[in-house]
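Taking it in order: structure first as structure tokens, then the write-up.
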Amino acid sequence: MGKLHERLAEQAPVLRDRIHKIVAEHGAAVVSEVNVSQVFGGMRGVKGLVCDTSVVEPDKGLVIRGFPIGELKERLPEEIFYLLCTGELPDPEAVASLHQEFSKRAEVPGYVWDILKALPADTHPMAMFSTAILSMERESVFRKRYSEGMHKTDYWEATLEDALRLLAVLPGIAAGIYRIHTGKGDPLPHNPNLDWGADYAAMLGLPDTTGEFRNLIRLYMTLHCDHEGGNVSAFTCHTVGSALSDPFYAVSAGMNGLAGPLHGLANQECLHFVLEVRNKYNGVPSDEQLREYVWETLNSGRVVPGYGHAVLRVTDPRFTAFHEFGTRVCPNDTVFKIVDRLFHITPQVLKEQGKVKDPWPNVDAGSGSLLYLFGLTEFDYYTVLFGVSRALGMCSQLVLNRLLGTPITRPKSVSTDWIIKAATAAGSPAAQSAKK
Ligand code: HAX
């Protein structure tokens, strides 16, 4: 399985040893406390998971293995996957080896196309994507080897084998979904001479005379690759994988979480919002009109898509990277200009309203406008692009967790009555009045 496998095999004993030592020496140390608001509030801020592939710093954004994402934006997705898995940037030989590993596994089985074509025409592309991944579960090397009695210390190798197969095939599947869903024609074949991101762009079949569309897709693949362990898709994938369900089950489950409007689906909502603005004002509105529009949105009880974040408290550096791309490639495009003006107006309005903890744009605020520019106008497809990229993070996290022997996830839930009793015992006045 190439250089990546070799490097992980070298790292495995060291990493396992490190965790054993940490638990032996510090097992009883308290790292997080949980209050009642957090229990009822989606566990926000509770530290109960380990994820070494990336961290999201509230004031810095995404940091992959110590590298702020802004420093990685010129890197190929292959390099990013190697980095996520090993904590090291690959040398050219390791990149070539990974490229080969993907290439030899890239053929999409015919039955996947049969299944996708048999789905009703109004099936959401994310449902198609998740179904396609799940349909390939029959190929899982992990499941086969587990049933043959594989040793625990070999789990990660079988997981890596499944991860490579899955990642190899995802651009082809995702591009095929685009073509089937939009009626653009049959899926296009994989080109072994192109890198993972460029191949995906080519298989979508959209014109790319300047080569900027493939640059955009590469950038897209790199920027969305991972976002630590507690977001809905990563956590879901991790939890399913922790039951030793193989990567096909786990990644498919993660994609179902990504499909939610508060998570990955937000990018389609964002472009929808921008196009509403364009249509209402017949072009780029004035700043005052835009201010009014954002206020109207808030007053009608809707969220402004693309703004706010559960963890971040600054402009998402991934938004900045897309914004820079747009400023370079299409500064005068109407849709991009609206995205740009929204960036100048919306944070101030959200601050004035005073509800959101993070008034700044997140990754989804600008990516859709760029895809739209290149003719990828079917925005219900956008979350699939996000999913292809995020599979890099999900797969690397699965491999590392099997390598470390991370146990099954099983936090303790409690009943509301239990909370009232516990909080009352702890002397909370709010809980005392709830009891009355
Ligand atoms: N517009 C209007 N109101 C917003 C808002 C926004 N963009 N973001 C948050 N709020 C509101 C919340 O609805 C909440 O209101 P209530 O108290 O009435 O329930 C209040 O502000 C506090 O929310 P928060 O603590 O700041 O935000 P959360 O951690 O609860 O939620 C979200 C984070 C990303 C879900 C949220 O900011 C949101 O809905 N944003 C718009 C949708 C979006 O852009 N999602 C993509 C996020 C990036 C991502 O994960 N991509 O996959």
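Order of listing sets the numbers, starting from 1, for every ligand and every atom in it.
- Of all atoms in ligand 1, numbered sequentially from 1 with element shown, those under 4.0 Å from a heavy atom of Asp364 are 46 (C), 48 (C), 49 (C), 51 (N), 52 (O).
- Of the possible polar contacts, one joining the His224 side chain to the Tyr220 backbone as a donor-acceptor pair under 3.5 Å is found.
- In terms of protein heavy atoms, atom 47 (C) of ligand 1 is closest to Asn362 ND2, 3.5 Å.
- Here the protein heavy atom with the shortest distance to atom 27 (O) of ligand 1 is His309 O, 4.6 Å.
- Of the candidates Lys355, Arg302, His227, Lys355 brings a heavy atom nearest to atom 15 (O) of ligand 1.
- Of the heavy atoms in Leu298, only side-chain atoms (C-beta onward) come closer than 4.0 Å to ligand 1.
- Proximity to Gly264 (heavy-atom distance under 4.0 Å) selects the following atoms of ligand 1: 52 (O).
- The distance from atom CG of Leu400 to atom OG1 of Thr406, rounded to the nearest 0.5 Å, is 8.5 Å.
- Of the protein's heavy atoms, Tyr307 O, 3.0 Å lies nearest to atom 40 (N) of ligand 1.
- When all heavy atoms of Thr123 and Pro120 are compared, the closest pair comes out as OG1-O, 2.6 Å.
- A distance-only check finds a donor-acceptor pair linking the side chain of Gln11 to the backbone of Thr86 [under 3.5 Å].
- Counting protein heavy atoms under 4.0 angstrom from atom 44 (O) of ligand 1 gives one or more.
- Atom CZ of Arg214 is separated from atom CG of Asp199 by 9.5 Å, given to the nearest 0.5 angstrom.
- Contact between Met394 and Cys237 at its shortest, heavy atoms only, is CB-SG, 3.7 Å.
- A salt bridge is absent between Asp246 and Arg402: the closest approach of a Lys/Arg side-chain nitrogen to an acidic carboxylate oxygen does not fall below 4.0 angstrom.
- The closest protein non-hydrogen atom to atom 1 (N) of ligand 1 is Val304 N, 2.9 Å.
- The Gly306 neighbourhood of ligand 1 comprises atoms 43 (C), 44 (O), with distances under 4.0 Å to a heavy atom of that residue.
- Within ligand 1, the atoms closer than 4.0 Å to a non-hydrogen atom of Arg44 are 28 (P), 29 (O), 30 (O), numbered from 1 in the order shown.
- In this structure, Arg302 does not pair ionically with Glu269, as no charged nitrogen and carboxylate oxygen lie closer than 4.0 Å.
- Side-chain atoms of Trp196 come within 3.5 Å of backbone atoms of Leu167 as a donor-acceptor pair (strictly under, hydrogens ignored).
- Every atom of ligand 1 with a heavy atom of Ala266 under 4.0 Å away is listed here by number and element: 43 (C), 44 (O), 45 (N), 46 (C).
- In this structure, atom 19 (O) of ligand 1 is not in close contact with the protein, since no protein heavy atom lies within 4.0 Å of it.
- Judged as a salt bridge (charged side-chain N to carboxylate O under 4.0 Å, His left out), and not counting sequence neighbours, Lys60 has no contacts.
- With atom 11 (C) of ligand 1 as the reference point, the heavy atom nearest to it among Val356, Val303, Asn231, Thr346 is part of Val356.
- Counting protein heavy atoms only, atom 39 (O) of ligand 1 is closest to Leu262 CD2, 3.7 Å.
- In terms of protein heavy-atom proximity, atom 34 (C) of ligand 1 is nearest to Gly308 O, 3.8 Å.
- Considering only residues two or more places apart in sequence or on other chains, Glu228 meets the salt bridge (charged side-chain N to carboxylate O under 4.0 Å, His left out) condition with none of them.
- Residue-ligand proximity, Lys357 to ligand 1, at heavy-atom distances under 4.0 Å covers atoms 25 (O), 26 (O).
- Distance check on atom 22 (C) of ligand 1: some protein heavy atom falls below the 4.0 Å cut-off.
- Shortest contact from atom 50 (O) of ligand 1 to any protein heavy atom: His263 ND1, 3.3 Å.
- Distance alone, capped at 3.5 Å, is enough to place a donor-acceptor pair between the Ser389 side chain and the Cys225 backbone.
- Residue, atom and distance of the protein heavy atom nearest to atom 33 (C) of ligand 1 are Ala310 N, 3.7 Å.
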